[in-house]
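First the structure, in the form of structure tokens, and then the observations on it.
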Amino acid sequence: MPQKRRFLHSLLRILAVSLIMSQVTAQRPGFNYDEAKVPSYELPDPLLSSSGTRITSSQQWEAARRLEIRKLFEDHVYGRRPASPAKPLYIVTSESHNALDGQAMRKQITIRFDENAFPQAVHILLYVPNKANGPAPIFLGYNFNGNHTIHTDPGIHLSTSWMRRNQNGNINHQATDAARGKSAKRWPVKRILERGYALATAYYGDVEPDHAQGWKDGIRSHYKTDESGEPLKLDEWGAISAWAWGLSRIVDYLETEDAIDAKRIALIGHSRLGKTALWAGATDERFAITISNNSGCGGAALSRRAFGETVKQINTSFPHWFNRAFKSYNDNEVDLPVDQHMLIALMAPRPVYVASAEEDLWADPNGEFLSAKGAEPVFELYGLKGIGVENQPALNSPVGDQIGYHYRSGKHDVTAYDWERYLDFADRHF
Ligand code: GCU
């Protein structure tokens, strides 16, 4: 018997090891996925200003260091962005008070940024729970493949925008009815509404199509000056900054919507849209909560940690995401005047949540944790508790107070588990 048990034990061990190995080898080869091989690095101190002043109060942080860090991210990573349009148009294209079997009000709104001939338009899909008494708190997040993919609700307009993927119901980069509901697993609409939240989403490609030449059909071809009226050249801002600007424009609209409590907006984004959510949350304080789901390099993960995707790789695969200056940090992360913990610190004192997935080594789960952890001293200036633990927690054991964090089992994705944590986090803070 003991022999049989020993045999079973070693069999199980072999199975476990080969499972881990298959996860590691499923990642892109040629990059580091071994914690023991991460070279040592030193992070810039969020509380030490470039003039050498030590920041010891929230007043000092807000008066000087916060702006300084924001500007460093504008200049070296994402780029500046234009002012908000003077006269946006909000065109309601459909409204039903009996959507989803009576659970919700469904409204679709097209934003046109200016009254002039500029063709760019962003199409918002909004659900508000019918059981809400009073303006509802809301989750806002871009989708990857068009509003019609988040639910099979036949009332959702089929997007006519260019689609990045030529699969899952898209033909010649155009959506067809076959694409309806294809991303529904990532959007538990019913559950969100049941928990008392409204949901707004829009296709990020409405703001700028996600490819190197996408700027030609996006807002970056239209806006040529920044918020202060200074010239803004194309390569001085990247698509992430353009998409983040688009999220602020959706908030402009939500502020006009009676059914919504615009003081309780939780912004959520996955992967590249998680990077976008963090930059939007950092630049627009109207986002009351910001949630980064598996955002990885250029998002929550520390750039200086050589683990998974690198700055050079992201700039090579996606040359349009960041500004020109960011490319000078290829193989040279050490010279960056910021690292991503400082991006998370820009949310303070507003709550922020970072989530990682076990099999998502490309996004460097521990690097995402360490960056959330590195933002803690700034929250402490406000007397707020950040993440509260020293090391990355065990799988599926959420931690944190004003900075939430979890490390779930499974792949790079947005799952029901993730959503339950975000709903709990929003309940706690709203
Ligand atoms: C690629 C990219 C990541 C990004 C991801 C996504 O994997 O390298 O940085 O987060 O795409 O957005 O799906």
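These numbers were taken from a predicted model, which means no experiment stands behind them. All ligand and atom numbering here is 1-based and tracks the order in the structure.
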Below 30° counts as parallel, above 60° as perpendicular, anything between as tilted: where do the rings of F322 and Y78 land?
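Aromatic pair F322/Y78 classed tilted.
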Is the ring pair F113/Y223 parallel, tilted or perpendicular, if the boundaries are 30 and 60 degrees?
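Because their plane-to-plane angle is over 60°, the rings of F113 and Y223 count as perpendicular.
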For [atom], closest protein heavy-atom neighbour:
| atom | value |
| --- | --- |
| atom 2 (C) of ligand 1 | F318 CE1, 3.4 Å |
| atom 13 (O) of ligand 1 | S271 OG, 2.8 Å |
| atom 3 (C) of ligand 1 | E309 OE1, 3.3 Å |
| atom 7 (O) of ligand 1 | W362 NE1, 3.3 Å |
| atom 11 (O) of ligand 1 | R272 NH2, 3.0 Å |

Distance flag, aromatic centroids of W362 and F31, threshold under 6.0 Å:
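Yes, the ring centres sit under 6.0 Å apart.
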Give a yes/no verdict on whether any heavy atom in Q313 is under 4.0 Å from an atom of ligand 1.
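No; Q313 lies far enough from ligand 1 that no heavy-atom distance drops under 4.0 Å.
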Check for a donor-acceptor pair, side chain of R80 on one end and backbone N or O of E236 on the other, with a separation under 3.5 Å.
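No.
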Within 45° of the ring axis of W419 and under 6.0 Å from its six-membered ring centre, is that where the NZ or CZ of R421 lies?
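Verdict for W419: no cation-pi partner in R421.
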Check: R165 and F144 side chains under 4.5 Å, non-hydrogen atoms
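Result no, sub-4.5 Å side-chain heavy-atom pair not found.
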Record the part of I314 in heavy-atom contact with ligand 1 below 4.0 Å; permitted values are side chain, backbone, both and neither.
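Side chain only.
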